[in-house]
Amino acid sequence: MHVLITGANRGIGKAMLDQYRAAGADVTGTQRGIGELATMDVTDPASVTALATSMADTAIDLLVCNAGVYADKGQSLDDGYPHQMWADGLATNVTGAFLTVQAFLPHLRRAKAGKIAIIASQMGSDTRAPGGSYIYRASKAAALNLGRNLATDLKAEGISVGIYHPGWVRTDMGGAAAEISVEESATGLITRFAALSPANTGCFETWDGQQHPY
Ligand SMILES: NC(=O)c1ccc[n+]([C@@H]2O[C@H](COP(=O)([O-])OP(=O)(O)OC[C@H]3O[C@@H](n4cnc5c(N)ncnc54)[C@H](OP(=O)(O)O)[C@@H]3O)[C@@H](O)[C@H]2O)c1
């Protein structure tokens with residue numbers, strides 16, 4: 001089994017990479033900077049294409065679009081949320097996920113039953129509207145929508161797409177007060193990815209296996 005995980009140098013992405021490797025899977029972890037993982041900045045189309053091309057002969061069984069940013073925590077409605085913050089947030093969380101899926105579709109098609117996992121957030125659900133974090137919420141709502149429509153388009157090819165809330169996780173993004181560890185989140189998500197199939201493609205699930213309202 002070959003798994004590709006974006007943003008795997010820290011946080012939930014790194015925990016998933018570690019657990020898949022410990023279980024014996026082939027894992028391509030990516031990071032946007034130079035380091036020991038494959039270099040891929042999801043906001044840079046040339047960088048995404050370059051990695052896809054270099055892996056042209058590889059079948060990918062599972063693509064995990066995990067890379068994400070949350071820069072607008074605590075911004076003021078009156079004078080916060082600058083234009084560039086919107087551009088950067090959407091470029092990573094939405095366009096980045098789409099371009100990654102598009103570039104690696106040939107690799108997913110080469111696998112027997114390819115799967116795509118979009119790491120969104122419960123903050124992207126239209127059923128939750130506590131206010132604030134406009135950029136992050138809008139980006140994760142779009143990521144959820146992207147996953148739902150990819151599920152429709154790819155179903156006939158046997159490629160399944162799941163959208164996931166990883167929990168409130170103690171990472172740089174989630175903060176020290178968050179509810180669960182990266183290990184707990186990764187273990188739960190990996191169990192959910194294993195259960196993803198054409199029968200439940202388009203699902204929006206939490207790390208611990210509950211259906212999340214869209
Ligand atoms: N933590 C939570 O409570 C929580 C809750 C709901 C959803 N999520 C989602 O879960 C995913 C992982 O979150 P996390 O908590 O592990 O966040 P994190 O600790 O902040 O890590 C984010 C990862 O994404 C990478 N990344 C950011 N921009 C990138 C880009 N342009 N290209 C490639 N990689 C990029 C980061 O790389 P650098 O090291 O280079 O910055 C890092 O590896 C995100 O999609 C997040 O929105 C998290």
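What you see is a predicted model; the values in this text were computed from it and never measured. When a ligand or atom number is given, it counts from 1 through the structure's own listing order.
- Nearest to atom 21 (O) of ligand 1 by heavy atom, out of Met16, Arg10, Arg32, is Arg10.
- Using cut-offs of 30° and 60° on the angle between ring planes, the pair Phe204 and His212 is tilted.
- The residue from Thr152, Asp153, Asn145 that alone fulfils the side-chain hydrogen bond (donor to acceptor under 3.5 Å, both in side chains) condition with Asn149 is Asn145.
- The shortest heavy-atom distance from Gly167 to ligand 1 is under 4.0 Å.
- The shortest heavy-atom contact between Ser185 and Pro166 is OG-O, 2.7 Å.
- Not a single heavy atom of Tyr70 sits less than 4.0 Å from an atom of ligand 1.
- Relative to atom 31 (N) of ligand 1, the option among Asp41, Val48, Leu189 with the closest non-hydrogen atom is Asp41.
- Between the choices Thr171, Ile5, Val182, the shortest heavy-atom distance to atom 1 (N) of ligand 1 belongs to Thr171.
- The option from Met123, Met173, Gln31, His165 that lies nearest to atom 17 (O) of ligand 1, judged by heavy atoms, is Met173.
- Between the side chain of Trp86 and the backbone N or O of Ile135 there is no donor-acceptor pair closer than 3.5 Å.
- Looking from atom 10 (O) of ligand 1 to the surrounding protein, the closest heavy atom is Ile119 CG2, 3.3 Å.
- Less than 4.0 angstrom separates some heavy atom of Gly11 from each of these atoms of ligand 1: 16 (O), 19 (O).
- By the 3.5 Å distance cut-off applied to N or O atoms, Gly13 is not counted among the residues near ligand 1.
- When the side chain to side chain donor-acceptor pair (under 3.5 Å) test is applied to Thr206, the partners found at least two apart in sequence or on another chain are Asp208.
- At least one N or O atom of Ile12, backbone or side chain, sits closer than 3.5 Å to an N or O atom of ligand 1.
- Contacts between Met40 and ligand 1 below 4.0 angstrom, taking non-hydrogen atoms only, involve the backbone exclusively.
- Residue nearest to atom 8 (N) of ligand 1, selected from Ser121, Gly175, Pro166: Pro166 (by heavy-atom distance).
- Judged by distance alone, with hydrogens and angles left aside, the side-chain atoms of Asp61 form no donor-acceptor pair with the main-chain N or O of Lys115 at under 3.5 Å.
- Take Tyr214 and apply the side chain to side chain donor-acceptor pair (under 3.5 Å) test, not counting sequence neighbours, and it matches Arg148.
- For atom 37 (O) of ligand 1, the closest heavy atom belonging to the protein is Asn9 OD1, 3.6 Å.
- Here's the thing with Tyr136: one of its N/O atoms is less than 3.5 angstrom from an N/O atom of ligand 1.
- Inclusion of Val169 in the set of residues having an N or O under 3.5 Å from an N or O of ligand 1 is warranted.
- Under the 3.5 Å distance criterion, the side-chain polar atoms of Arg128 are left unmatched by any main-chain donor or acceptor of Met123.
- Judged purely by distance below 3.5 Å, without hydrogens or angles, the side chains of Glu205 and Gln210 never pair a donor atom with an acceptor atom.
- By the criterion of a heavy-atom distance under 4.0 Å, the side chain of Thr92, and not its backbone, is placed next to ligand 1.
- Residue-ligand proximity: Cys65 is placed with every non-hydrogen atom at 4.0 Å or more from ligand 1.
- By heavy-atom distance, the residue among Asn93, Asn66, Val69 lying nearest atom 44 (C) of ligand 1 is Asn66.
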